[in-house]
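We use all heavy atoms of the structure for the numbers below, so side chains are in, but hydrogens, waters and symmetry mates are not.
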Amino acid sequence: GLTASPGGTKEKIKEICGNLGIEAVEIRTEQDADVAPYVHDKEMDWEYVELPESFLKIKGLIESLLNKRMESLKKLHLVRYAKVSKKELLRVQGELMKKIRQGDRRAFMGIGSATQAIKLDHSLGLLESQGLQPLENYWAKLRASKNRADNAIAGNTDIKAAMLLTNQLLEQGSTHPKMAKLCSIVHKELAGNSGSKIIVFASFRDTVKEVVSALSRVEGARPVMLVGQKEGLTQKEQLNVIHGYESGEYNCLVCTCIGEEGLSLESADLAIFYEPVPSEIRGIQRKGR
């Protein structure tokens with residue numbers, strides 16, 4: 001068997017070996033003699049942007065409530081530190097839910113704080129890596145929800161202030177500084193090579209729509225959105241988008257994870273990751289394009 005992305009840990013690879021009865025594993029890198037002739041040279045650049053003061057103010061308001069919820073979890077001895085990863089929060093939430101199903105009523109003491117912490121951590125991620133519109137869409141879901149944890153977040157004074165500031169900034173036309181940087185990179189690429197093919201990867205449909213809208217104002221750019229069937233495109237529409245990209249009707253393909261695997265796409269001259277991805281497999285698949 002051959003795979004570009006067997007897993008990010010030894011445990012995952014051992015699991016695959018066990019399931020498939022594999023007894024030996026061989027690894028090849030881009031430098032190996034039998035691989036190197038078939039690998040395209042790639043140049044990788046990291047672009048850094050600073051969040052504006054207005055974004056940092058929203059961040060501080062969100063962190064104010066998040067820190068309180070984390071302190072509650074720490075006092076209940078559910079976490080060791082007041083700052084932990086989302087993966088750890090999800091683990092804590094899963095354990096508490098399991099205890100609740102087993103009839104342990106003490107678990108109710110922590111489930112609310114754990115659930116709110118996960119949602120607040122997600123909102124921080126949207127602000128820092130995606131921008132105001134995806135964050136506002138998430139705020140709207142919390143306000144409309146009848147879920148207890150959502151109501152507790154939406155009713156908090158600091159979060160209300162964060163919601164108000166988010167809305168005000170959107171009305172003023174503010175965007176994440178990454179968007180201007182992205183447009184600048186695309187403009188430079190097309191100015192140097194008008195026939196260049198570009199793929200932009202983003203994690204959320206809302207961000208993809210925002211990127212397409214921004215790139216449509218860049219000279220020479222002909223962007224198009226490619227998202228999954230659950231996100232709004234039928235299989236026929238997806239194929240039409242891919243055909244349009246390959247034929248040159250579009251030169252900027254902006255896609256969610258649907259563009260990482262499962263669809264046949266021709267290679268690009270420039271691939272832009274709108275945000276880093278936490279999954280090694282997704283990172284490998286994006287680079288493979």
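No more than 12 heavy atoms of other residues, nucleotides or ligands shown are found within 6.0 angstrom of CD1 on Ile27. Heavy-atom neighbours of Lys86 NZ from other residues, nucleotides or ligands within 6.0 Å: above the threshold of 12. By the 6.0 Å contact criterion, NE2 on His243 is open, its count of non-hydrogen atoms from other residues, nucleotides or ligands being 12 or less.
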- Message: Between Val79 and Val92, does the side-chain contact (heavy atoms from CB on, under 4.5 Å) criterion hold? Intermediate values first, please.
- Response: CA-CA 8 Å; Val79 295; Val92 170; 4.0 Å; yes
- Task: Before giving the answer on side chain to side chain donor-acceptor pair (under 3.5 Å), spell out for Glu189 and Asn193 the whole-Å C-alpha distance, their side-chain angles and the decisive distance to 0.1 Å.
- Result: CA-CA 6 Å; Glu189 174 71 17; Asn193 177 13; 5.0 Å; no
- Query: Step by step, would you call Leu165 with Gln168 a side-chain contact (heavy atoms from CB on, under 4.5 Å)?
  - Reply: CA-CA 5 Å; Leu165 184 53; Gln168 289 173 343; 3.9 Å; yes
- Message: Evaluate Leu89 against Thr115 for side-chain contact (heavy atoms from CB on, under 4.5 Å), listing each step before the verdict.
- Response: CA-CA 8 Å; Leu89 285 172; Thr115 302; over 6 Å; no
- Task: Please lay out, stage by stage, how Asp269 and Ile198 fare under the test side-chain contact (heavy atoms from CB on, under 4.5 Å).
- Result: CA-CA 6 Å; Asp269 300 291; Ile198 300 168; over 6 Å; no
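Between Glu95 and Arg91, at least one side-chain N (NZ, or NE/NH1/NH2) sits under 4.0 Å from a carboxylate O, which counts as a salt bridge. Under a 4.0 Å N-O distance rule, the pair Glu26/Arg28 qualifies as a salt bridge. No salt bridge links Lys59 with Glu53; every basic N to acidic carboxylate O contact stays at or beyond 4.0 Å.
Within the 3.5 Å criterion, the main-chain N or O of Glu15 finds a donor-acceptor partner in the side chain of Asn19. No donor-acceptor distance shorter than 3.5 angstrom exists from the side chain of Asp104 to the backbone of Leu96, with no hydrogens or angles considered. Arg217 contributes no side-chain N or O that, together with a main-chain N or O of Cys183, makes up a donor-acceptor pair within less than 3.5 Å. Between the Asp158 side chain and the Ser64 main chain, no donor and acceptor come within less than 3.5 Å of each other.
For an aromatic pair to be called close, the ring centres must be under 6.0 Å apart, and Tyr250 with Tyr245 fails this.
Nearest heavy atoms, Leu73 versus Gly110: CD2-O, 3.6 Å. The nearest pair of heavy atoms linking Met225 to Leu233 is O-CD1, 3.8 Å. Closest heavy-atom contact between Ser216 and Ser213: OG-O, 2.5 Å. Closest approach of Ala149 to Lys119, counting heavy atoms only: CB-CE, 4.4 Å. The minimum heavy-atom distance linking Leu127 with Leu132 is given by the pair CD1-CD2, 4.4 Å. Minimum heavy-atom separation, Ser203 to Glu275: OG-OE2, 3.0 Å.
With hydrogens and angles left out, the side-chain atoms of Gln130 and Thr207 include a donor and acceptor closer than 3.5 Å. Counting only N and O atoms by type, the side chains of Gln229 and Thr234 include no donor and acceptor under 3.5 Å apart.
Remark: Lys178 qualifies as a cation-pi partner of Tyr274 under the 6.0 Å distance and 45° angle criteria applied to the six-membered ring.
Contact annotation: the side chain of Thr166 approaches that of Trp139 to within less than 4.5 Å [non-hydrogen atoms, C-beta and beyond].
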